[in-house]
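Taking it in order: structure first as C-alpha cells, then the write-up.
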Amino acid sequence: MATPLIIHHIDKIGSTQDEANRLAELGGVLPLLLIARSQSRGRGRQGRGWLTAPCALACSLVVRPEWSCQNWSRVPLVAGLAARSAIKEVVGLDVSLKWPNDLVTGDGKIGGVLSESSGDRMTVGLGVNLWWPDPPSEIAALGIEDPEWEIANSIALIWAERMISVLDGDFTHWGYEEYRKVCVTLGTEIIWEPDGRGVAVDIAFDGALLVDTTGGRLELRSGEVREVRPTTLDSDPGRYRGDDAR
Ligand code: BTN
C-alpha cells in the first residue's frame, strides 16, 4: 500500500461501506477513503443496521493490507485504536474501547467499526456520533456540533492514515499492549449470544477475547460472536476461577 490515499467526499449515501466496495470493485485505486456527509442506510456488525446520528462521521476505508490474511483478525482492533487516537487528537476527548471495536464513553456507545474482507481487500467502516440530542438507549455522542464538517473530516483522515501506517508495517506492532490498557471489557462479567457467559480476563495476541467460564477458558473471535454485553446479573467473577478466597 505504498500509493497515496485516494479520498472521495460524498454528500448523501445509503452506506459508505457499500459505496466504497462498489468503487473498489470498479477498479478504484487503493487505498481509498470514502467520507459521507449523510448516510441513510448504514450497516453495523452481524447484519444489523447502523443509525447515523444527526451530526456524525460516516466513512469507509478500502485497503490491501501488507499483512497475510491469517493476521487480519487484528484489523478491527487496530481500527478501534486508530479511531480512539484520532478523536483524542481532533477533539481532545478520551474514549475507551469495548471489545472488539465499539467506541464508548461513560454515557454509552459513541461509535463503531465494521470490518469486512473480500479476496485481498479489506473494507473498514467507522461511524462516530458527534452530536445527538435525543439518542436511543445506551447510545451517546461526543456532544460536538460540526456544521462545517471539519471535525468529522479531520477524524476520518487521521484515522485512515493511522490504519494504513499500521497495516503497512509489521503485524506484531499492531498495538496489543495499548489495546489491553484501553479495553473496558476486561475484568467485567459478560454475556454473549447465543448463550455464553463468563468473565473477560485478557486479550490474546491475535485479538481474541479470553473469557473464563464455568467450563474453562474460551477464546472469543469477533467474527463468531454476535453481541457481547456486560452483565450485572448474579455477578460473582470468582466462581469462574474456582476462587475460594472470595
Ligand atoms: C457496529 O458497531 O455495529 C459497527 C458500525 C459501523 C458503522 C459505520 S458508519 C460508516 C460505515 N458505513 C456503514 O454502512 N457502516 C459503517
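Bear in mind the structure is a predicted one, so any value in this text is a computation, not a measurement. For the numbers below, each heavy atom of this structure counts, side chains included, while hydrogens, waters and symmetry mates do not. Order of listing sets the numbers, starting from 1, for every ligand and every atom in it.
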Got a list of side-chain donor-acceptor pairs under 3.5 Å for residues 201-208, not counting sequence neighbours?
from: Asp202; atom 1: OD1; to: Arg180; atom 2: NE; distance (Å): 2.9
from: Asp202; atom 1: OD1; to: Arg180; atom 2: NH2; distance (Å): 3.2
from: Asp202; atom 1: OD2; to: Arg180; atom 2: NH2; distance (Å): 3.0
from: Asp206; atom 1: OD1; to: Ala208; atom 2: N; distance (Å): 3.0
from: Asp206; atom 1: OD1; to: Arg221; atom 2: NH1; distance (Å): 3.4
from: Asp206; atom 1: OD2; to: Arg221; atom 2: NH1; distance (Å): 2.5

Assess the side chains of Ser85 and Arg162: does a donor N or O sit below 3.5 Å from an acceptor N or O?
->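 Ser85 vs Arg162: donor-acceptor pair found between side chains.
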Under 3.5 Å side-chain donor-acceptor pair for Gln17 and Ser15 =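 Looking only at side-chain atoms, Ser15 and Gln17 do not form any donor-acceptor pair under 3.5 Å.
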What side chain to side chain donor-acceptor pair (under 3.5 Å) pairs are there with at least one residue in residues 135-153, not counting sequence neighbours?
->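 Qualifying pairs, neighbours excluded: His9-Asn153, Glu138-Arg229.
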Report all protein residues having a heavy-atom distance below 4.0 Å to some atom of ligand 1; order the list by chain, then number.
->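 Shell around ligand 1 (4.0 Å, heavy atoms): Ser15, Thr16, Gln17, Gln39, Gly42, Arg43, Gly44, Arg45, Trp50, Ala58, Cys59, Ser60, Asp102, Lys109, Gly112, Val113, Leu114, Gly125, Leu126, Gly127.
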May I ask you to decide whether Arg22 forms a salt bridge with Glu19, counting only side-chain N to carboxylate O separations under 4.0 Å?
->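 Salt bridge between Arg22 and Glu19, a charged N being under 4.0 Å from a carboxylate O: yes.
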Show which side-chain atoms of residues 121-133 pair as donor or acceptor with protein atoms under 3.5 Å away, not counting sequence neighbours.
from: Arg121; atom 1: NH2; to: Glu25; atom 2: OE2; distance (Å): 3.0
from: Thr123; atom 1: OG1; to: Asn21; atom 2: OD1; distance (Å): 2.6
from: Asn129; atom 1: ND2; to: Ala140; atom 2: O; distance (Å): 3.0

